[in-house]
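Okay, structure first, notes after.
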Amino acid sequence: MQQLRDTASQLMILNDEIAQTYSSYQNDRKLFCRSGCGECCLHPGIEASVLEMLPLALHLYDAGVAESTLDALRQHDQAGCYFYQASSEDRKSGQCGVYPYRPAVCRMFGAAGYRGREGEVLLSICKVIRSDQTEAVIATEQSLSSETPPMMRNHKAQIAQLDYELSKENMPIKQATAAALEKVLTKAYYASFAE
Ligand code: SF4
């Protein structure tokens with residue numbers, strides 16, 4: 001259990017650095033998120049590794065709600081992330097209910113770099129930002145050859161160095177959270193015999 005906690009602590013530090021990097025890039029390029037927008041959290045394709053969800057799983061365990069959250073995740077059938085708290089009728093506005101523990105993928109939502117088939121640098125950009133700030137997006141895309149954006153793959157690789165096994169597979173965020181909770185609960189169960 002202590003090993004999981006140590007890994008999660010290291011990941012939290014790395015996550016803060018990642019958030020800072022992507023947020024600075026968005027600010028520098030004027031690619032601002034719409035205030036209160038929660039569309040990313042409604043996207044059905046958000047994926048994370050079990051490792052990315054480990055800090056949240058430990059937090060839920062420490063709060064005594066690991067089992068109940070696991071049950072709720074298994075029953076959750078609404079579109080989007082279980083932890084998203086919608087504040088508008090169409091659910092497009094809202095906030096993250098676990099913001100300090102959100103995984104790295106959520107810190108890269110707005111604008112991030114990736115490599116195309118020919119190895120060229122491309123920009124992954126949120127569709128809301130693209131429609132709200134078209135000029136800034138075009139200027140950023142034109143600058144890609146001279147100014148490399150933060151690259152998702154590099155940060156994923158940095159995270160994987162903390163625990164290759166727990167990071168080797170990406171899966172829907174709900175599934176990754178459930179797997180992280182199961183891991184924590186199993187470790188805690190066996191650790192209780194060693195006390
Ligand atoms: S963890 Fe938070 S930021 Fe990430 S998808 Fe869920 S609600 Fe959104």
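Residue indices begin at 1 and follow the sequence shown. Model, not experiment: these values are computed from the prediction. Whatever order the structure lists them in is the order used to number ligands and atoms, beginning at 1.
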Salt-bridge present (Glu182, Arg74; N to O < 4.0 Å): yes
Heavy-atom distance under 4.5 Å between the side chains of Met108 and Pro150, does that happen here? no
Take a 6.0 Å sphere around NZ of Lys156 and say whether it holds more than 12 heavy atoms from other residues, nucleotides or ligands. yes
So if you build clusters from Ile, Leu, Val, Met, Phe, Trp, Tyr with side-chain heavy-atom gaps below 4.5 Å, do Leu42 and Ile125 land together? no
Keeping Ser49 on the side-chain end and Glu169 on the backbone end, is there a donor-acceptor pair under 3.5 Å? no
Go around atom 4 (Fe) of ligand 1 and count every protein N, O or S atom nearer than 2.8 Å. 1
Does this structure show an ion pair linking Arg5 with Asp62, if we count only N-O contacts that are shorter than 4.0 Å? yes
